[in-house]
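Shown next, in structure tokens, is the structure this report addresses.
Just so you know, ligand 1 is whichever comes first in the structure, and atom 1 is the first atom listed for that ligand. Index from 1, following the sequence. In this text, all values refer to a predicted model and were calculated from it rather than measured experimentally.
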Amino acid sequence: MHDPVYLDYAATTPLRAEVREAMLSVLGERWGNPSSVHRWGREARAALEDARSRFAAVIGASPAEIVFTRGGTEADNLAILGRVRDGGSRGVAVSAIEHKAVLATAAVLASGGGEVRIVPVDAEGLIDLDALEEILRIQPPAVVSVMWANNEVGVIQPVARIAERCAAAGVAYHTDAVQALGKLAVRMGEVPADLAAFSAHKLGGPRGTGALFVRRGTQLHPLLHGGGQERGLRSGTEDVAGAVGFAVAAERAEAERETEMARLAALRDRLEAGLRERVTGLRVNAAGAPRLPTISNVSAPGADAEMLLMALDMAGVAASSGSACSSGAVEPSHVLTAMGLPADVAGPSVRFSLGRDTTDADIDRALEIFPAVIERLRS
Ligand code: PLP
């Protein structure tokens, strides 16, 4: 029997050994409250501020521009809701392929009467810059949110151009960079976004830790009120171990980024070429767009969409899809639907995502298992 193959690194990643060590040292020795004035507090404060500086250095920001949060979801919520409250009654514009952390936040605003504009994407998942331009010109929102890299198909948006256009219109730009960090060069000096969301567990850090980059001068309203931690933007006693783990994970991911991404791109290309050969009618989604080297999203029309992931899992490959189960029926992914894929193509789709422990042998196994599963589900 083979061990199952994990190809779901975009969902989450195992903790890096160095991250675990660094976190255990904080939990064991620097467990004080960073707001306390005594020695325990000062030691915890020093560890927290060191983590902030190190994380800021990875993304080319200054430490004062980093707000630690309890994950990517909270960072997205803080960016959008915090801007809307600060920007008055003006609405938001979000791309059609955002993560639910952004889309559901926009939906809450819409249900409260806020104006929400959806920026469409083309067949490859790239946003329609003209449509964005039109929104910025006719009715400038309080904030635009377009993700750096998509979690389902891996498409990379032209974030520098989007940021420049928003800046020219005087509109704040937020980018969900959760999937980009550690895979692309994320340098906030080169992309003039005002806000950017990050999450530790996508790059070997702990779940439940994230950060929001808030460019100096960007006005933001907090969501949580209390002791005024994180410069008043995120009240609540700080998770020092989480912040330290995040900083170590981000540094390591960045140090290995170029070699790792070249290795994983080659594996991803071999996976896609092999699947195209073995599965008739296979479609690689967003294949024509700039994509993360770690994500491959494929559709196998004719296969039973409801059974696909479970059958794959039972056969020994752990992957995922953007399909959602609602009232007993499988709803195709909103990302693939926004790209114009009909339900019979978007439905039977799978996202394979590769990561640090992915080997050649894992790809061989996927190439063996996936075609056999599809054949079964088509018959
Ligand atoms: N944004 C994107 C693009 C993601 O992939 C995720 C992770 O699922 C999130 C936001 C949410 O991050 P977290 O799990 O840290 O709340």
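Nearest non-hydrogen protein atom to atom 5 (O) of ligand 1 is Gln179 NE2, 2.8 Å. For atom 13 (P) of ligand 1, the closest heavy atom belonging to the protein is Gly72 N, 3.5 Å.
Here Lys202 has side-chain heavy atoms under 4.0 Å from ligand 1, and that is the only part of it that gets that close. Contacts between Thr73 and ligand 1 below 4.0 angstrom, taking non-hydrogen atoms only, involve backbone and side chain alike. Under 4.0 angstrom from ligand 1, the non-hydrogen atoms of His201 all belong to its side chain. Counting heavy atoms under 4.0 Å from ligand 1, residue Asp76 touches it through the side chain alone.
For atom 9 (C) of ligand 1, the nearest non-hydrogen atom from the set Glu74, His99, Arg70, Glu98 belongs to His99.
Shortest non-hydrogen contact noted between Leu78 and Pro222 is CD1-CA, 4.1 Å.
Heavy atoms of other residues, nucleotides or ligands lying less than 6.0 angstrom from CD of Glu375 number 12 at most.
Shown are Asn151, Asn285, Asn150; of these, the side chain to side chain donor-acceptor pair (under 3.5 Å) with Asn297 is made only by Asn285.
Looking at heavy atoms from C-beta onward, Ser353 lies in side-chain contact with Ile295 at the 4.5 angstrom threshold.
Counting atoms of ligand 1 from 1 in the listed order, those under 4.0 Å from a heavy atom of Gly71 are 15 (O).
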